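Structure first, then comments.
Bear in mind the structure is a predicted one, so any value in this text is a computation, not a measurement.
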Amino acid sequence: MDKNKMYPRTGDMQTVYLKSVITRPTIEVGDYTIYNDFVNNPMDFEKNNVLYHYPVNNDRLVIGKFCSIACGAKFIFNCANHTLKSLSTYTFPLFFEEWELPKSEIASSWDNKGDIVIGNDVWIGYDAVIMAGVTIGDGAIIGTRAVVTKDVAPYSIVGGIPAKEIRKRFAPDVIERLSSLQWWNWPENKIQKALPAIQSGDMEALFSFVSQSFRL
């Protein structure tokens with residue numbers, strides 16, 4: 001398995017390992033995370049999907065390992081957030097030359113809510129929107145065209161505008177055990193051996209595999 005190649009599948013130019021197309025130092029993507037785009041070139045992810053991400057603000061997009069990001073998913077950063085502290089929503093400090101304002105105060109044009117942090121094994125659906133300051137936990141699923149304005153708990157399914165929790169993927173004890181295992185951090189050969197249990201959803205088989213591997 002080559003986690004550093006561009007395309008995971010032979011002949012499929014719509015799906016890329018996202019880590020291989022990222023150029024901005026303020027974007028971090030984990031191994032094996034994929035992005036599919038059947039409308040635009042997936043190589044243009046930074047231009048088409050990471051929006052209002054201007055260097056002046058130094059905010060970061062962090063995406064974990066083994067995530068699946070569908071076509072059209074958008075990450076909206078802080079520079080889109082016209083400040084609500086002002087009596088006007090017009091971004092006067094952004095146009096400092098026109099209004100003879102100090103360039104040093106340009107960031108006061110928007111409200112800074114922080115980075116966007118996506119955990120591991122997260123599935124982000126078609127045309128979903130993730131807003132600045134949001135953290136999405138490991139194993140979560142973001143529904144098609146959901147607009148995520150608040151943090152999402154691990155292994156939760158959310159949808160709607162604004163996105164709300166629909167249900168948890170697993171029982172609390174299973175979520176706790178999966179969170180402690182962090183299978184995405186295992187060596188590749190160990191993940192490959194565990195795939196039958198992971199793919200079948202057989203939790204007991206997965207933990208049996210883990211127990212056996214500890215004894216070897």
Side-chain angles (χ1 to χ4, degrees), residues 2-9 11-82 91 94 107 109-154 156-164 166 184:
D2 184 0
K3 60 190 175 186
N4 295 312
K5 64 183 179 181
M6 186 72 67
Y7 301 102
R9 297 193 302 178
D12 179 2
M13 308 295 285
Q14 296 180 347
T15 305
V16 294
Y17 280 136
L18 193 53
K19 182 178 181 179
S20 298
V21 308
I22 294 302
T23 62
R24 298 181 196 172
T26 48
I27 301 178
E28 175 185 333
V29 180
D31 296 338
Y32 296 108
T33 284
I34 58 172
Y35 173 62
N36 171 268
D37 199 321
F38 52 82
V39 177
N40 299 301
N41 187 341
M43 298 285 290
D44 293 331
F45 176 84
E46 290 175 318
K47 180 180 75 172
N48 295 330
N49 303 78
V50 186
L51 307 181
Y52 299 95
H53 191 217
Y54 303 143
V56 66
N57 208 55
N58 296 313
D59 37 11
R60 299 166 62 242
L61 172 59
V62 180
I63 303 175
K65 302 176 182 178
F66 292 97
C67 292
S68 304
I69 303 175
C71 180
K74 301 289 194 299
F75 302 86
I76 311 293
F77 274 86
N78 292 286
C79 293
N81 295 325
H82 292 208
T91 52
L94 188 61
S109 298
W110 51 82
D111 291 334
N112 195 337
K113 299 183 179 181
D115 300 335
I116 296 176
V117 180
I118 313 298
N120 304 280
D121 192 26
V122 172
W123 174 19
I124 300 177
Y126 174 77
D127 259 1
V129 176
I130 317 298
M131 301 301 292
V134 165
T135 294
I136 298 176
D138 297 328
I141 298 175
I142 311 302
T144 295
R145 289 183 170 155
V147 177
V148 184
T149 61
K150 297 181 179 179
D151 292 353
V152 177
S156 297
I157 302 174
V158 303
I161 304 174
K164 296 181 180 179
I166 299 170
W184 43 83

Return yes if some donor-acceptor pair links the side-chain N/O of Thr33 with the main-chain N/O of Lys19 below 3.5 Å, else return no.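 Not a single qualifying donor-acceptor pair exists.
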Could you check whether atom OH of Tyr7 has more than 12 heavy atoms from other residues, nucleotides or ligands sitting under 6.0 Å from it?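 More than 12 heavy atoms, drawn from other residues, nucleotides or ligands, come within 6.0 Å of this atom.
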Which atom pairs, donor and acceptor, lie under 3.5 Å between side-chain atoms of residues 56-63 and protein residues at least two apart or in another chain?
{"unit_1": "Asn57", "atom_1": "OD1", "unit_2": "Trp110", "atom_2": "NE1", "d": "2.7"}
{"unit_1": "Asn57", "atom_1": "ND2", "unit_2": "Asp59", "atom_2": "OD2", "d": "3.0"}
{"unit_1": "Asp59", "atom_1": "OD2", "unit_2": "Asn78", "atom_2": "ND2", "d": "2.8"}
{"unit_1": "Arg60", "atom_1": "NH2", "unit_2": "Glu28", "atom_2": "OE1", "d": "3.3"}

According to side chain to side chain contact (heavy atoms under 4.5 Å, CB included), who are the partners of Met6, at least two apart in sequence or on a separate chain?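 Listed in chain order: Val16, Ser20, Val21, Met43.
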Listed by chain and number, what are the side chain to side chain contact (heavy atoms under 4.5 Å, CB included) partners of Asn120, not counting sequence neighbours?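 Asn120: side chain to side chain contact (heavy atoms under 4.5 Å, CB included) contacts with Lys65, Asp138, Trp184.
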What pairs with Asn81 under side chain to side chain donor-acceptor pair (under 3.5 Å), at least two apart in sequence or on another chain? none
Give the minimum heavy-atom separation between Lys113 and Ala132, together with the two atoms involved.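 What the structure gives for the nearest pair is CB-O, 3.9 Å.
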To check you understand the geometry: which heavy-atom pair defines the closest contact between Ile116 and Gly133, and what is its length? CG1-N, 4.1 Å
Show every donor-acceptor pair shorter than 3.5 Å between a side-chain atom in residues 69-77 and any protein atom, with sequence neighbours excluded, or say none if there are none.
{"unit_1": "Lys74", "atom_1": "NZ", "unit_2": "Gly72", "atom_2": "O", "d": "3.0"}

So which pairs with a foot in residues 41-50 pass salt bridge (Lys or Arg N to Asp or Glu O under 4.0 Å), sequence neighbours left out?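 Every candidate salt bridge (Lys or Arg N to Asp or Glu O under 4.0 Å) pair involving residues 41-50 fails, so no pair, neighbours aside, qualifies.
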When rounded to the nearest 0.5 angstrom, what is the spacing between CD1 in Ile157 and CH2 in Trp123?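 Here the interatomic distance stands at 8.5 Å.
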Any chance you could measure Asn36, atom CG, to Arg9, atom CZ, to the nearest 0.5 Å? 8.0 Å
Can I get a per-line list of side-chain donor-acceptor pairs under 3.5 Å for residues 139-153, giving both atom names and the distance, sequence neighbours left out?
{"unit_1": "Arg145", "atom_1": "NE", "unit_2": "Asp127", "atom_2": "OD2", "d": "3.2"}
{"unit_1": "Arg145", "atom_1": "NH2", "unit_2": "Asp127", "atom_2": "OD2", "d": "3.4"}
{"unit_1": "Asp151", "atom_1": "OD1", "unit_2": "Thr135", "atom_2": "N", "d": "2.9"}

Could you please spell out the steps behind the side-chain contact (heavy atoms from CB on, under 4.5 Å) verdict for Asn49 and Tyr35? CA-CA 11 Å; Asn49 303 78; Tyr35 173 62; 3.0 Å; yes
Parallel, tilted or perpendicular: which one describes the rings of Tyr126 and Phe38, with boundaries at 30° and 60°? parallel
